[in-house]
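Contents: one structure, followed by commentary.
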Amino acid sequence: MNSTMLAIILLAVTALAYQFGLLRSTRQGRTLAREQVHSRPVYHAAWLAICCGTPGLLVLLLWSALEPLLIRNWLLASWPELLGGPAETAGTILMRRLQELAGGADNATALELAAAQQLGQLQTWAALGKTALVALASAGGLIWAARRMNATFKARHQVERMVRTLLLGCSAVAVLTTLGIVLSMVSEAFNFFSFIRPSEFFFGTKWNPAFSSTGNTHGEYGLLPLLWGTLMVSLIAMLVAIPLGLMTAIYMAEYAPAWFRDMAKPVIEILAGIPTIVYGIFALMAVGPFFAAAGELLGIQVRATSALTAGVVMGLMIIPFVSSLSDDIITRVPQALRDGALGLGATRSECIRQVVLPAALPGIVGAFLLAFSRAIGETMIVVLAAGNSPQLHANPLEAISTVTVSIINQLTGDTDFAGPQSLVAFALGLTLFVITLALNVIALYVVRKYREHYE
Amino acid sequence: MNKQPLSSGLSERDMVRSRLAKTLRRRHARERRFRLAGVVSVGLALACVLLLFGSILQRGLPAFWQSSIQLPIYFDPEIIRVDAAPQPLPDEPPVEFQRRQLEWQGQLARSNWQRLLTLGVQQLYPEQQIQPRHAQALFTRAVQHQLREMFAADPGLLGQTLELSLLADANVDVWLRGKIDRSLPDAQQQLAAPVRALADQLQADGHIKLKFASALFGNADSRSSPASAGLLGAFVGSLYMLAVVLLVAVPVGVGAAIYLEEFAPKSRWIDLIEVNINNLAAVPSIVFGLLGAALFINWFRLPMSAPLVGGLVLSLMALPTVIIATRAALQAVPGTIRQAALAMGASRTQAVFHHVLPLALPGVLTGAILAVAQSLGETAPLLLIGMNAFVANVPASPLDQSSALSVQIFLWQGHELRNFFEARTAAAIIVLLSLMISLNAVAIYLRKRLENKWS
């Protein structure tokens with residue numbers, strides 16, 4: 001019996017347990033006075049169903065996860081002569097072959113056939129064992145629950161406790177994700193640092209990861225050119241996004257009539273919802289060639305894929321981010337401050353520049369930091385439009401490479417995490433994670449501090 | 001003597017006045033400039049939206065129509081040398097019938113279907129000496145399979161002539177659209193001179209029609225026959241991932257939000273979870289890709305390029321967004337609802353699940369759909385778990401190899417047939433954006449439809 005079938009049967013049994021609980025608790029409830037009954041029948045039923053379904057499901061999951069591993073180890077241990085190479089890869093090939101044979105293919109040696117037969121037997125036994133164990137667990141849970149059940153049993157408390165535990169588990173997923181990110185990055189990065197010294201990585205000025213099959217030459221893994229490229233592209237993006245985004249926010253918050261605001265704001269926010277790959281294509285097809293042509297007109301050599309192209313397009317992407325955050329913060333500045341300034345005869349721009357903006361400054365700086373951290377982590381735009389040339393140079397009209405681009409280049413399509421060529425992606429990822437995390441923590445702190453200021 | 005101070009007083013007042021007028025003029029000019037800067041930046045931001053959509057639409061829309069060649073094809077019995085199609089015999093085991101059918105299919109595959117095309121073209125221009133390879137170069141590769149499948153579906157076609165409309169080769173399509181510089185020398189042209197001449201002649205005689213590119217929607221990606229490469233495989237892959245995100249991220253995220261908003265005690269642990277969720281929302285997407293590569297692929301040994309793994313990675317990414325949106329929706333439900341429920345004797349769990357959650361549902365749904373739509377456009381994390389593999393068929397389950405819409409865009413932009421695939425890439429973007437926009441529209445509709453009006 002396969003697992004899907006078993007899961008369906010388990011579900012049906014659980015549903016039956018629920019119905020049974022409903023009937024039984026209703027009957028039990030009749031024997032007592034109304035005040036003595038604690039929970040409504042649905043809670044008794046739900047409790048019964050949970051007690052019946054959960055152990056079975058857990059056993060099923062655990063068994064399904066472990067079964068292939070155990071069978072494989074068993075077979076490889078009992079038929080070592082069939083194994084043609086290192087256990088890791090040859091074992092996988094052998095298992096696939098035996099699966100085929102057990103399924104009824106021909107042209108096999110006697111030895112292989114015997115092993116395949118054993119595999120078939122093992123699988124039959126395993127299926128039987130699985131079914132039996134799941135049935136046992138479910139029945140056990142059901143009987144235990146049914147024996148505790150009576151009209152005064154506080155089923156609702158039990159069920160609510162379980163629901164709360166489940167909800168707590170849901171929130172724990174978020175923490176586990178962070179933990180998973182940190183653990184996987186750190187462990188793989190440590191693997192990388194067993195090949196390359198950390199000082200060589202963090203302070204190296206050359207990025208040239210050689211893909212060699214022999215494994216004697218590792219290439220050079222200097223982080224600095226990539227970090228510099230990331231910084232340059234992000235700075236260009238900020239140069240575009242800060243003035244445009246901030247002025248947009250100021251205009252929307254202070255000048256624009258309501259109808260214009262209602263119309264223009266969603267349109268600008270569309271920019272935030274567009275996938276970054278689309279921006280990348282836009283940079284590649286429209287913006288890059290435009291810059292190249294403009295450079296040609298001016299007599300300057302501009303490459304179509306350059307730090308400038310990537311930076312400008314990334315800036316466009318961040319505009320709505322900067323503008324909506326700043327807008328939010330500017331509108332939070334108390335009206336009394338404005339009224340005071342205007343009452344003293346300031347023009348509106350003076351009021352904005354000398355009163356509103358200084359008051360909103362910490363929040364706006366926080367918004368800029370958040371936007372900056374976004375620019376640093378942005379990937380697809382730079383992959384497509386920055387030209388991928390990991391050199392240390394200060395010319396924004398030339399191609400450049402970034403941390404994110406190198407992660408993509410080093411890891412794409414690679415599952416073999418054996419050499420520094422792919423492991424370096426995790427060291428880069430860790431660097432990226434730490435930088436963006438630091439920026440976010442500072443930014444969130446600044447923004448929160450500011451909010452408290454005026455509330 | 002008396003008049004002196006008066007006149008000087010007057011002139012002094014005039015001077016003050018004129019100075020004031022001057023500064024006022026300057027201040028007003030500054031005000032106008034400031035305001036203008038605001039208008040210009042809003043204008044620029046709006047122009048960017050227009051430019052982005054304009055350039056994508058302008059490039060992508062033509063790709064929805066493709067050149068196809070209309071000509072009569074004679075299913076020549078001399079060329080299609082097959083026996084009669086096998087019919088099931090009354091007392092034949094199904095295995096035997098299957099074997100005969102396979103044999104028949106083999107005969108079909110061995111027939112020279114290209115020859116039909118050659119003859120068809122030569123028939124149009126009997127006076128010209130058209131070489132077979134030139135005639136065949138007009139059509140995309142998939143056309144032969146199309147003819148074969150037509151015949152397999154209806155063996156009665158043998159000896160008949162059909163007026164067919166067959167997809168032209170990618171290069172022919174580009175040539176006929178005038179996207180290739182016609183003055184380039186032969187050595188730099190993709191198509192041989194006779195083929196170009198033939199294509200022009202067919203067009204002049206009205207044999208070439210622009211037909212709706214149904215291949216774009218009906219086929220998966222293809223290497224051998226670029227003109228019939230389509231999005232279906234990637235689209236289905238994206239749908240699987242969407243389903244996984246809906247099934248994983250939405251329940252877990254909503255559960256976590258309910259716990260944090262309604263049940264969580266005030267403690268440092270809960271504070272930690274909240275900070276953690278806020279930071280998780282700002283972690284660059286590529287870091288989630290690294291997590292997926294290390295955790296799901298390297299440790300859990302889940303298959304590469306599977307929509308299930310992609311969906312799990314995107315779920316982890318979408319989780320903070322769902323949590324934040326759900327919390328906002330729960331916060332919007334007035335406290336009086338909770339108090340009323342509690343006062344009537346409901347437990348806290350009952351108050352939340354019977355009263356607060358149903359009222360918050362529109363907001364929860366909207367937030368969830370928006371988060372899911374956003375994750376649809378992610379590309380970078382998917383590249384790291386191998387979704388950029390070339391997959392030529394439509395995935396049948398979430399565990400099959402597959403691509404995704406966003407990744408397909410990335411793959412097509414790098415295709416060597418640049419002229420042809422530039423339009424295809426833009427068309428794929430249009431499809432992706434339409435999908436995202438329709439999801440957003442559903443969210444807005446739901447919000448409008450189910451909106452609760454407090455106050």
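A note on names: the letters A, B, ... follow the listed sequences, proteins ahead of strands, and every chain is numbered from 1.
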I need the [X] [atom1] to [Y] [atom2] distance, nearest 0.5 Å.
| X | Y | atom1 | atom2 | result |
| --- | --- | --- | --- | --- |
| B:S55 | A:F282 | OG | CZ | 5.0 Å |
| A:L411 | B:L384 | CG | CG | 5.0 Å |
| B:E261 | A:L167 | CD | CG | 13.0 Å |

For the residue pair [X] and [Y], establish whether any side-chain heavy-atom pair is separated by less than 4.5 Å.
| X | Y | answer |
| --- | --- | --- |
| A:P275 | B:L432 | yes |
| A:M247 | B:R35 | no |
| A:E188 | B:N298 | yes |

What part of [X] is in contact with chain B, defined as an atom under 4.5 angstrom from a non-hydrogen atom: side chain, backbone, both or neither?
| X | value |
| --- | --- |
| A:Y445 | neither |
| A:I407 | both |
| A:V163 | side chain |
| A:V383 | side chain |
| A:S187 | side chain |
| A:S184 | both |
| A:T404 | both |
| A:I250 | side chain |
| A:I181 | both |

Which of [options] touches chain A most, by non-hydrogen pairs under 4.5 Å:
| options | value |
| --- | --- |
| B:G255, B:A389, B:A373, B:A428 | B:G255 |
| B:G253, B:P251, B:S347 | B:S347 |
| B:R33, B:Q374, B:R59 | B:R59 |
| B:L433, B:V39, B:L260, B:I56 | B:V39 |
| B:I273, B:V254, B:L370 | B:I273 |
| B:I409, B:L52, B:N278 | B:L52 |

Quick one: of [options], who has the most non-hydrogen atom pairs under 4.5 Å with chain B?
| options | result |
| --- | --- |
| A:L166, A:I274, A:L183 | A:I274 |
| A:H157, A:E254, A:M285 | A:M285 |
| A:V159, A:I270, A:I376, A:L384 | A:L384 |

Looking at [X], I want to see if its [atom1] is surrounded by more than 12 non-hydrogen atoms of other residues, nucleotides or ligands under 6.0 Å.
| X | atom1 | answer |
| --- | --- | --- |
| A:F290 | CZ | no |
| B:W299 | CH2 | yes |
| A:F190 | CZ | no |

side-chain hydrogen bond (donor to acceptor under 3.5 Å, both in side chains) against B:N279, all qualifying residues, sequence neighbours excluded: none
Among all residues two or more places apart in sequence or in another chain, which pass the side-chain hydrogen bond (donor to acceptor under 3.5 Å, both in side chains) test with A:E350? A:T347, B:R27
Applying a criterion of heavy atom separation less than 4.5 Å, what residues of residues 282-292 of chain B form contacts with chain A? B:A282, B:V283, B:P284, B:I286, B:V287, B:F288, B:L290, B:L291
Does A:I242 have any side chain to side chain contact (heavy atoms under 4.5 Å, CB included) partners at least two apart in sequence or in another chain, and if so, which? A:M238, A:F368
Derivation and outcome, side chain to side chain contact (heavy atoms under 4.5 Å, CB included), residues A:R164 and B:E262: CA-CA 10 Å; A:R164 272 185 216 198; B:E262 303 286 344; over 6 Å; no
At a 4.5 Å cut-off on heavy atoms, which part of B:F353 comes close to chain A: side chain, backbone, both, or neither? side chain
Need one label for B:Q350: side chain, backbone, both or neither, based on atoms under 4.5 Å from any heavy atom in chain A. both
Does the A:E160 side chain pair with the main chain of B:T349, one donor and one acceptor, at a distance under 3.5 Å? no
Is the backbone N or O of A:R348 less than 3.5 Å from a side-chain atom of B:E31, with the two atoms forming a donor-acceptor pair by type? yes
